[in-house]
Amino acid sequence: GSAPTSSPPPTSSGGGGCSDTIADNHGHVLSVAAADLDSATDMSYDIQGTADHTHTVVLTVAQLRTLKTGASVNTTSSTTLSHMHDITITCI
């Protein structure tokens, strides 16, 4: 396989003013909707994007509440093909 590329600049994810940075990204996309910030249950996201495999990212209710305040959340994707991704999310 080829080496992962650097993460592109943060991308906007769905109309909620959320952006994310996915470390060692190679096509994955995370989209957190503004409505998700009010969820009463943990939210699970598939971040496949244009990559040839997927990862799952779970944001807990506490993390969603943190995002709603405008603070950043750091999390890690599931492991697929012997690797995972560190992710930073910010919503304004």
Side-chain angles (χ1 to χ4, degrees):
S2 60
T5 58
S6 296
S7 181
T11 55
S12 177
S13 50
C18 296
S19 63
D20 57 79
T21 301
I22 300 174
D24 300 320
N25 196 2
H26 43 255
H28 297 294
V29 176
L30 172 61
S31 182
V32 178
D36 293 354
L37 303 181
D38 292 319
S39 177
T41 60
D42 295 351
M43 297 293 294
S44 180
Y45 301 89
D46 179 320
I47 65 167
Q48 182 164 353
T50 61
D52 64 358
H53 61 280
T54 193
H55 296 277
T56 301
V57 174
V58 176
L59 294 177
T60 65
V61 171
Q63 288 171 315
L64 293 166
R65 296 298 178 266
T66 297
L67 288 170
K68 189 171 181 174
T69 70
S72 296
V73 167
N74 296 310
T75 191
T76 305
S77 73
S78 61
T79 300
T80 304
L81 298 176
S82 302
H83 74 279
M84 64 181 79
H85 298 276
D86 293 323
I87 302 169
T88 302
I89 308 160
T90 305
C91 300
I92 54 172

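What you see below is based on every heavy atom in this structure, not just the backbone, and it leaves out hydrogens, waters and symmetry mates.
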Got a second to check how far [X]'s [atom1] is from [Y]'s [atom2], nearest 0.5 Å?
X: Asn25; Y: Asp86; atom1: CG; atom2: CG; value: 12.0 Å
X: Ile22; Y: Asp20; atom1: CD1; atom2: CG; value: 5.0 Å
X: Ile92; Y: Thr69; atom1: CD1; atom2: OG1; value: 12.5 Å
X: His55; Y: Gln48; atom1: NE2; atom2: CD; value: 9.5 Å

Less than 4.5 Å apart, any side-chain heavy atom of [X] and any of [Y]?
X: Lys68; Y: Asp38; value: yes
X: Leu30; Y: Ile87; value: yes
X: Thr56; Y: Ser77; value: no
X: Leu59; Y: Asp36; value: no

- Message: Minimum heavy-atom separation for His26 and Asp24, please, with both atom names.
- Response: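 In this case the closest contact between His26 and Asp24 is ND1-O, 3.3 Å.
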
- Will you find, in the side chains of Thr88 and Thr21, an N or O donor that is under 3.5 Å from an N or O acceptor?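 Side-chain D/A pair, Thr88 to Thr21: absent.
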
- Item | His53 and His28 aromatic ring geometry - parallel, tilted or perpendicular at 30°/60° bounds |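 His28 vs His53 ring planes: perpendicular.
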
- Task: Would you please test Leu64 and Met43 for side-chain contact (heavy atoms from CB on, under 4.5 Å) and show each step?
- Result: CA-CA 9 Å; Leu64 293 166; Met43 297 293 294; 3.6 Å; yes

- Message: Per the salt bridge (Lys or Arg N to Asp or Glu O under 4.0 Å) rule, what does the pair list look like for residues 69-81, sequence neighbours excluded?
- Response: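 Passing the test, one end in residues 69-81: no pairs.
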
- For the pair Gln63 and Arg65, evaluate side-chain contact (heavy atoms from CB on, under 4.5 Å) and give the outcome as yes or no after the intermediate values. CA-CA 5 Å; Gln63 288 171 315; Arg65 296 298 178 266; over 6 Å; no

- Query: Looking at residues at least two apart in the chain, or sitting in another chain, which of them share a side-chain hydrogen bond (donor to acceptor under 3.5 Å, both in side chains) with Thr75?
  - Reply: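 Checked Thr75 against side-chain hydrogen bond (donor to acceptor under 3.5 Å, both in side chains); zero matches.
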
- Message: My understanding is that only residues two or more places apart in sequence, or in another chain, count here; which of them pass side-chain hydrogen bond (donor to acceptor under 3.5 Å, both in side chains) with Asp46?
- Response: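 By the side-chain hydrogen bond (donor to acceptor under 3.5 Å, both in side chains) rule, Asp46 matches Thr54.
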
- Task: Walk me through it: do Ser39 and Leu37 pass the test side-chain contact (heavy atoms from CB on, under 4.5 Å)?
- Result: CA-CA 6 Å; Ser39 177; Leu37 303 181; over 6 Å; no

- Message: One pair to check against side-chain contact (heavy atoms from CB on, under 4.5 Å): Ile89 and Ser19. What are the steps and the verdict?
- Response: CA-CA 6 Å; Ile89 308 160; Ser19 63; over 6 Å; no

- In one Ile/Leu/Val/Met/Phe/Trp/Tyr side-chain cluster, 4.5 Å: Ile47, Met84: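 Shared cluster, no.
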
